[in-house]
Each structure stands twice: as structure tokens, then as C-alpha cells.
Amino acid sequence: MIIVMRNGASNEELVAVEERIKELGYKPHVIHGDTRNVVGAVGDERGKAILQSLESMPGVENVVPILKPYKLASKEVKLERTTVVIAPGVAVGGDRLVVMAGPCAVESEEQILETAHAVKAAGATVLRGGAFKPRSSPYSFQGMEEEGLKLLAMAREETGLPIVTEVVNPRDVDLVAKYADVMQVGARNVQNFALLKMLGKIDKPILLKRGMSTTIQEFLMSAEYILSEGNQRVILCERGIRTFETATRNTLDISAIPVLQEQTHLPIIIDPSHATGHSSLVPSMCYASVAAGCDGLIVEVHPHPEVAVSDGPQSLRPADFKAMMDKLAEFAKVVGKKL
Ligand code: PEP
Ligand code: MN
């Protein structure tokens with residue numbers, strides 16, 4: 001249910017509403033609007049009619065049901081678009097496109113530092129790199145783990161770029177959070193509800209990737225798991241879905257951008273690297289995504305893709321990344337955004 005407060009309702013009235021929601025066994029989430037506040041009351045759907053009684057409390061204008069199955073992620077609760085601050089001066093969802101770039105996996109000190117400097121010089125504002133890798137084969141490289149996290153922290157120290165890195169296992173949440181500025185949930189973990197709930201309790205932005213077989217509604221329900229635990233800093237990432245097509249690794253669902261914008265206030269970024277699987281296809285998908293209205297991109301870049309331990313074929317060389325970024329600035333202008 002959404003409890004819409006009157007324009008000018010006092011803070012005491014708001015607090016009283018929150019308390020009453022808790023007494024009734026629901027969780028209140030206050031969303032501060034420009035002219036009025038609303039309180040989302042979420043919990044067991046079955047007894048929610050009891051929340052209608054809040055309508056007679058002082059300061060309450062009305063109580064309306066949230067029709068979508070996802071509540072806090074929906075535009076019914078919050079019309080204004082959410083901006084997720086990653087670091088001072090770096091926010092996803094504003095009028096500046098955020099480009100995250102770096103290797104699929106952290107491989108060595110030289111590799112991550114060289115890449116970090118190169119992507120920064122080209123205009124990226126966040127460094128990506130996996131220290132824990134969710135690989136399809138148990139025999140493939142699984143990541144440098146904490147050693148990799150330390151190298152990412154070193155690259156942040158040297159370049160000032162905040163880092164986004166994946167947490168694969170709920171037991172590693174605290175460890176990854178010690179180093180990461182943004183915690184990434186990979187496509188394979190989009191419905192790992194235990195992991196999502198843990199990430200909902202920490203004070204870090206979460207980059208939630210869409211699963212390869214996840215519908216948009218399921219994707220938003222996964223975001224809801226994080227939001228409902230209290231963490232409001234969720235960034236959605238479309239990274240390609242499985243179709244019958246084999247010419248590309250996945251099929252980039254560009255229409256997910258406007259569809260999500262109709263359904264949610266959360267920011268949306270695109271991963272053209274995992275979507276296509278081929279570096280030659282990455283730039284055009286970056287331009288198309290920006291044209292379709294995304295808030296940012298996450299792109300794999302490797303100084304020597306031919307010797308990359310993972311995802312070499314889809315990784316851009318630094319010079320190609322730079323050329324892509326220069327052209328991207330033109331597309332950004334067309335949609336009224338800055339790079
Ligand atoms: C990654 O970003 O390196 C990754 C494994 O992506 P995805 O979860 O989208 O496959
Ligand atoms: Mn990868």
C-alpha cells in the first residue's frame with residue numbers, strides 16, 4: 001500500500017504513520033518527494049486491507065494499493081528517477097552518462113593498473129574487474145579472490161576511479177564490501193535470493209545484472225529483494241538474454257531500456273560486452289543503448305585481449321575503447337546527456 005501524506009504534513013505525523021505501519025506488521029519505506037512524502041508499506045499481501053485504516057490518521061491524504069507485484073521498485077511509489085551515488089562526483093541516473101570499464105577478470109598488478117590508467121584517460125569514471133568469477137566450467141579460472149580485490153583497491157588508489165566488482169557467494173559479501181565501491185550481482189545470481197537479501201542490508205550501491213532467462217518482471221522482483229531490506233541504491237543492468245540466435249553470445253534487449261523506464265525509477269545501464277560476445281560489435285551497441293536512453297554502460301577492456309584469461313574476444317583494446325568513447329560523446333549530446 002502507498003500512504004500518501006498531505007502536502008505540509010508534519011514530521012510527527014509522518015513518524016506516527018511509520019509506527020502504526022510497524023504495529024500492523026508491515027515495513028514502512030518513506031519516499032521524500034518534492035511536494036509531499038509517501039510511505040510505502042510492504043509485507044504480507046494477504047492482510048494488507050488493514051492498512052486502509054491509516055487513512056483516518058492526521059496528515060494522511062489517502063491510502064492506495066500498489067498494483068504491481070514489485071512495490072518499491074515501481075513508479076507507482078516513486079515517480080522521480082533515482083540517482084545512485086557511487087563516489088563523490090560519480091552518480092548513475094543523472095544527466096551524465098557513467099561508463100564503467102575494465103577487464104573481465106583481474107589477472108595481475110600490471111594488467112589491472114595498465115587498464116585502469118587507459119580507461120581513465122579515455123573518460124571512464126568507474127573501473128570494473130572481477131576478483132570472483134562465476135564461470136560456466138569448474139575447470140576455468142575462478143578469479144584471484146582477495147588478492148584481486150587488493151589489486152583493484154591499488155588501482156583505485158592510483159587513478160581515483162571507484163571500483164565495481166562481483167560478489168558470487170553470500171559468504172563473501174563482507175569481504176567484497178571491504179574493497180568495492182559497487183557490488184555487482186552477476187546474471188547467474190539474479191535470483192539468488194539469500195544473496196540479494198544480504199545485499200539489501202549493506203550500505204553500498206548494487207549493480208544488479210539481468211539473468212539470461214529473466215523476464216523484466218522477474219528482474220524487478222529481484223531488485224525488490226534488495227530494496228525491501230532497506231538498500232535503495234540499486235542500478236539495473238541489461239546484459240543480453242538467451243535467444244535462438246548464435247551469431248552473438250546473447251541478444252541485447254535494447255527495448256528493455258524504455259520498458260524499464262516505464263516501470264521503474266531505478267537507473268539502467270547496459271553491458272554490450274556480454275551481450276554480444278564480440279569486441280567488433282560493442283561500439284555500435286554502446287551508441288544504440290545511449291540513443292535508447294540508458295544511464296550508463298559497463299564495457300570490458302583489456303590491454304592484450306589475445307592473452308586474457310576470460311572473455312578476451314569481447315574485450316576492447318584501449319585504443320578502440322578510446323575511439324568508442326570519443327564517438328559516444330556525440331550520441332550523448334543528441335540525448336541531452338554529458339559524458
Ligand atoms: C561479468 O561482468 O564479468 C560477468 C560475469 O557478467 P554476467 O554476469 O553478465 O555474465
Ligand atoms: Mn566477462
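One-based numbering, in listed order, for ligands and for the atoms of each. Excluded from the calculations below are hydrogen atoms, water molecules and symmetry mates; all remaining heavy atoms, backbone and side chain alike, are included.
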Residue pairs passing the ring pair (Phe, Tyr, Trp, His ring centres under 6.0 Å) test with at least one member in residues 243-285, sequence neighbours excluded, are none
For Cys294 and Ile270, work out which heavy atoms get closest and say how close. CB-CG1, 3.9 Å
Sidechain N-carboxylate O distance under 4.0 Å for Glu229, Lys197: no
Would you mind naming the N, O or S atom of Glu300 nearest to the Mn ion (ligand 2)? OE2
Drop me the distance from Ile50's CD1 to Asp44's CG, to the nearest 0.5 angstrom. 12.0 Å
Pair Tyr179, Glu146: side-chain N/O donor-acceptor within cut-off below 3.5 Å: yes
If you measure from the Lys or Arg side-chain nitrogens to the Asp or Glu carboxylate oxygens, is any gap between Lys133 and Asp311 under 4.0 Å? no
Which pair of non-hydrogen atoms, one from Val60 and one from Met5, has the smallest distance, and what is that distance? CG2-SD, 4.1 Å
Work out the angle at the Mn ion (ligand 2) between SG of Cys104 and NE2 of His274, rounded to 10°. 170°
Restricting to N, O or S atoms, which atom of Asp311 is closest to the Mn ion (ligand 2)? OD2
Ligand 1: which residues have a non-hydrogen atom closer than 4.0 Å? Cys104, Arg128, Lys133, Glu166, Gln184, Gly186, Ala187, Arg188, Lys209, Arg239, His274, Glu300
